[in-house]
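Worksheet: one structure, shown below.
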Amino acid sequence: MKKHSARVAPLSACNSPVLTLTKVEGEERPRDSPGPAEAQAPAGVEAGGRASRRCWTCSRAQLKKIFWGVAVVLCVCSSWAGSTQLAKLTFRKFDAPFTLTWFATNWNFLFFPLYYVGHVCKSTEKQSVKQRYRECCRFFGDNGLTLKVFFTKAAPFGVLWTLTNYLYLHAIKKINTTDVSVLFCCNKAFVFLLSWIVLRDRFMGVRIVAAILAIAGIVMMTYADGFHSHSVIGIALVVASASMSALYKVLFKLLLGSAKFGEAALFLSILGVFNILFITCIPIILYFTKVEYWSSFDDIPWGNLCGFSVLLLTFNIVLNFGIAVTYPTLMSLGIVLSVPVNAVIDHYTSQIVFNGVRVIAIIIIGLGFLLLLLPEEWDVWLIKLLTRLKVRKKEEPAEGAADLSSGPQSKNRRARPSFAR
């Protein structure tokens with residue numbers, strides 16, 4: 001197990017301020033103990049040097065992490081908004097949401113090969129593909145990836161993955177991309193509710209408020225178009241997609257726990273294999289029953305299909321492995337920031353009407369999403385911040401009074417030498 005952790009470390013430790021600080025703190029050299037009079041000045045200089053080195057190293061690591069965070073946010077936002085808009089554009093020529101879902105999910109097979117390339121480039125202890133595969137298979141248990149494990153621990157997630165993407169794409173056919181993207185942000189509220197019920201996670205009042213805001217936003221979004229059947233169906237499809245996504249995340253944590261980078265890459269590649277082996281029959285059935293039919297393969301916009309698949313693959317790679325270089329909260333911000341991007345594009349490319357109800361619904365759901373990003377100890381941090389502010393306010397008048405009282409004394413002290421002369 002030590003070898004395993006050492007191999008994973010290079011992926012996540014390159015920007016870790018903790019590791020950097022440990023190296024700085026560990027630079028202690030044996031030296032002769034000086035006398036009492038000699039020890040004071042060098043000790044102060046050495047302590048100051050060490051403190052400055054720690055602060056500089058810490059701030060440098062944090063700045064690097066924030067820089068990568070901005071890059072990850074932009075990548076998540078552009079890939080998610082781009083895939084949504086490209087899917088909308090594809091349906092004008094190729095009206096087959098399930099086939100598009102199947103085609104894009106097949107690209108999940110590339111996760112583990114791409115991870116292995118990164119492992120070879122970064123890791124000091126290089127392993128063969130077979131060795132790395134066997135090591136990552138321990139994630140499924142002592143026996144590795146058996147046929148029983150495949151059908152009990154991978155197949156259900158493959159079904160949930162397909163349902164999440166299909167419902168999302170089908171909703172894009174019914175309503176505009178702005179509404180779809182903002183309603184899908186409710187999945188974070190659903191994750192909290194399911195985690196609270198199933199996983200017995202800690203109860204947080206602010207997250208309950210966020211869940212209420214998300215539900216209120218859904219109702220207001222439905223009201224924005226006047227409860228027409230077309231928009232109601234589209235909104236129901238997005239909410240169902242967000243629910244499937246939340247169920248996927250909670251069940252993963254319940255059944256499999258947390259995964260390292262190689263294990264997550266292998267798991268996602270297995271979902272791609274499951275999709276190829278067991279989901280391929282469904283697009284074929286839909287084609288011959290003419291539910292999703294196209295006249296010839298030459299009419300299929302392969303550029304749009306491949307572009308959508310690449311953008312979705314990029315989104316999932318950054319979302320799953322971006323934690324190696326930045327904070328998880330920054331990655332989540334990329335999803336909510338895709339909403340205004342989609343709104344701007346819809347404003348110029350479609351006939352969307354941003355009435356007051358729709359704008360308020362978007363703001364409410366966005367606010368609920370941001371509240372869910374607050375850490376569990378946010379109330380403790382807030383109390384500490386308020387306490388520090390109160391202490392500073394009390395210290396300022398005391399310092400002012402001390403300056404006034406010390407003023408005449410300092411003048412007298414300065415006057416005595418001249419008077420003596």
* F267 pairs by ring pair (Phe, Tyr, Trp, His ring centres under 6.0 Å) with which of F112, F157, W161? -> F157

Is atom [atom1] of [X] surrounded by more than 12 heavy atoms (other residues, nucleotides or ligands) closer than 6.0 Å?
X: K253; atom1: NZ; answer: no
X: Y223; atom1: OH; answer: no
X: F67; atom1: CZ; answer: no
X: F252; atom1: CZ; answer: yes

* Are E135 and R132 ion-paired here, with the side-chain N under 4.0 Å from a carboxylate O? -> yes

* Asked: If we only count heavy atoms from C-beta on, is the F94 to T99 side-chain gap below 4.5 Å?
  -> yes

* To do: State whether the side chain of N275 and the backbone N or O of W102 hold a donor-acceptor pair below 3.5 Å, judged by distance alone.
  => yes

In residues 240-249, what donor-acceptor pairs under 3.5 Å come from side-chain atoms, sequence neighbours left out?
from, atom 1, to, atom 2, distance (Å)
S241, OG, T164, O, 2.7
S243, OG, V239, O, 2.8
S245, OG, N187, ND2, 3.3

* D346/T178 under side-chain hydrogen bond (donor to acceptor under 3.5 Å, both in side chains): CA gap, chis, key distance, verdict -> CA-CA 7 Å; D346 283 348; T178 303; 2.6 Å; yes

* Worked verdict on S128 versus Y133 for side-chain hydrogen bond (donor to acceptor under 3.5 Å, both in side chains) -> CA-CA 8 Å; S128 65; Y133 169 78; over 6 Å; no

* Structure fact -> side-chain contact (heavy atoms from CB on, under 4.5 Å) filter on I285, not counting sequence neighbours, yields T289

* **Non-neighbouring partners of K93 that pass salt bridge (charged side-chain N to carboxylate O under 4.0 Å, His left out), sequence neighbours left out** => none

* Run the numbers on D299 and S296 for side-chain hydrogen bond (donor to acceptor under 3.5 Å, both in side chains), then give the verdict. => CA-CA 6 Å; D299 296 334; S296 67; 3.2 Å; yes

